[in-house]
Amino acid sequence: MSKSDVDLDDVEQLAEIDASGMLGVLERFPEQLREALEIGRSEVGLPEAGGISSAVVLGMGGSGISGAAVAAPSAHEIKVPVLTVNGYRLPALVDENSLVFAVSYSGNTEETLACVDQALSRNARLVAVTSGGRLAEIAAERDLPLFKVPVGYQPRAALGYLFIPILASLERMGLISGMVRKVSAAADMLEERSREYSVRTPLDDNPTKRLASDLVGYLPVIYGSEGPLAVAAMRWKTQFNENSKVPAFYHWFPELNHNETVGWQHLEEIGSKCHLIVLREKPEQSRIRKRIEITMDLIKDSVGHITQVCARGDNPIEVLLDLIYFGDFTSVYLALALGQDPTPVTRIEELKRRLAADPG
Ligand code: F6R
């Protein structure tokens, strides 16, 4: 039973709380995917494809998750390592044979710009993905390929624009195949979901509103499993943080069976305030299915609630996008149930302002 005073079926009340229109952006996400494919097709003069020994995706936060969102669905096909760098320093293996995507929605994120400097000095094959800022300037000065994405979004709400052009580039450069077609099919699939999760679909028929309502007063803990489901779990966690403004944690099978499964034994009061969300898929690897079932049985009395969400989709990119879409809506409805505008992230902005004022 929800402890919220907000009626998630009161479209007008929700529009007032959602002052910056995050729900509208989310409803248009399938369109964003199609536009992102167009951006990925644009003639940007991609680097030489021969001899590439690694692919690297640089970025932080809502831009940074692009790396994981590229790596997981390509993992069983791509023959070079795909590294994600979410920090200030490039690993030593990045050199002139590395294909490096620098992703920063604003173009001004200092960690990403620091890595861009290092990539330039190592003559890496750099590609920029941004809406503008310093990164767009560097791309113009250095004549780098640039995927220019539309302005006016929160970075996390522009995820399609940020990572789909990378997948499209890897395909154009012959490192993966069939991905553009699969993303296009996924956009059609999400079109249907966008009606199911819409603000106009009442709570009884809308699983994202229902889950959001059940999360009020609880700390979300999200479990995925190795591959796309772990990336989706990370995205759910960060969307609960940035949209709903609540703490949230995530982990994935099988790794969590070697540590976190034990960690629910104490602090019972905190455990009882946790709502565990287990992301699943069909078909599921049989060993993962057994682990999930045994784990839920072992910890069911240590957490307040358990909800399972099963991905729909026929391939890893569909599964990833399906779960991301479900989690994005849930996090926005949770924000609204808490009377919170999902869009602003004032603490991130304040932190960036204070860091910029003290460049030492
Ligand atoms: C804000 C958001 C943040 C930013 C991050 C990096 O919506 O998602 O996590 O993505 O602070 O900034 P950008 O994306 O501009 O490089």
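Just so you know, ligand 1 is whichever comes first in the structure, and atom 1 is the first atom listed for that ligand.
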Q: What about F101 and F147, are their ring centers closer than 6.0 Å?
A: no
Q: Hey, are the side chains of P150 and Y161 touching, using non-hydrogen atoms and a 4.5 Å cut-off?
A: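 Yes, close enough: below the 4.5 Å cut-off.
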Q: Taking only heavy atoms of P155, which atoms of ligand 1 are found under 4.0 Å from at least one of them?
A: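 Near P155, the atoms of ligand 1 are 1 (C), 2 (C), 4 (C), 7 (O), 8 (O), 10 (O), 14 (O), 15 (O).
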Q: Could you tell me the residue and atom name of the protein heavy atom closest to atom 14 (O) of ligand 1, and the distance to it rounded to 0.1 Å?
A: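 Result: S63 OG, 2.5 Å.
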Q: I'd like to check which ligand 1 atoms, numbered from 1 as shown, lie under 4.0 Å from a non-hydrogen atom of T109.
A: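 Under 4.0 Å from T109, ligand 1 has these atoms: 6 (C), 12 (O), 13 (P), 15 (O), 16 (O).
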Q: For residues F29 and G160, report the shortest heavy-atom separation together with the two atoms involved.
A: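 So the minimum-distance heavy-atom pair works out to CE1-N, 3.7 Å.
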Q: Below 4.5 Å, heavy atoms only, C-beta onward: do Q285 and E226 meet side chain to side chain?
A: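 SC-SC contact between Q285 and E226 confirmed.
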Q: Think K237 forms a cation-pi with Y250, using NZ or CZ under 6.0 Å from the six-ring centre and within 45 degrees of its axis?
A: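 No, K237 and Y250 do not form such a contact.
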Q: Kindly assign one of parallel, tilted or perpendicular to the pair Y197 and Y325, based on the angle between their ring planes and the thresholds 30° and 60°.
A: tilted
Q: Quick one: which ligand 1 atoms are inside 4.0 Å of a heavy atom on M60?
A: 5 (C), 6 (C), 10 (O)
Q: I'd like to check which ligand 1 atoms, numbered from 1 as shown, lie under 4.0 Å from a non-hydrogen atom of R156.
A: 1 (C), 7 (O), 8 (O)
Q: When you measure from atom 10 (O) of ligand 1 to every protein heavy atom, which one gives the shortest distance, and what is it?
A: G62 N, 3.0 Å
Q: Considering only heavy atoms of K352, which atoms of ligand 1 have at least one such atom less than 4.0 Å away?
A: 5 (C), 6 (C), 11 (O), 12 (O)
Q: Considering non-hydrogen atoms of the protein only, which is the closest contact for atom 15 (O) of ligand 1, and what is the distance?
A: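 Its nearest protein heavy-atom neighbour is S106 OG, 2.7 Å.
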Q: Go through ligand 1 atom by atom and flag the ones less than 4.0 Å from a non-hydrogen atom of S104.
A: 13 (P), 15 (O), 16 (O)
Q: Flag the pair R125 / E48 as yes when at least one side-chain heavy-atom distance between them is below 4.5 Å, and no otherwise.
A: yes
Q: How far is atom 2 (C) of ligand 1 from its nearest protein heavy atom, and which residue and atom is that?
A: E242 OE1, 2.9 Å
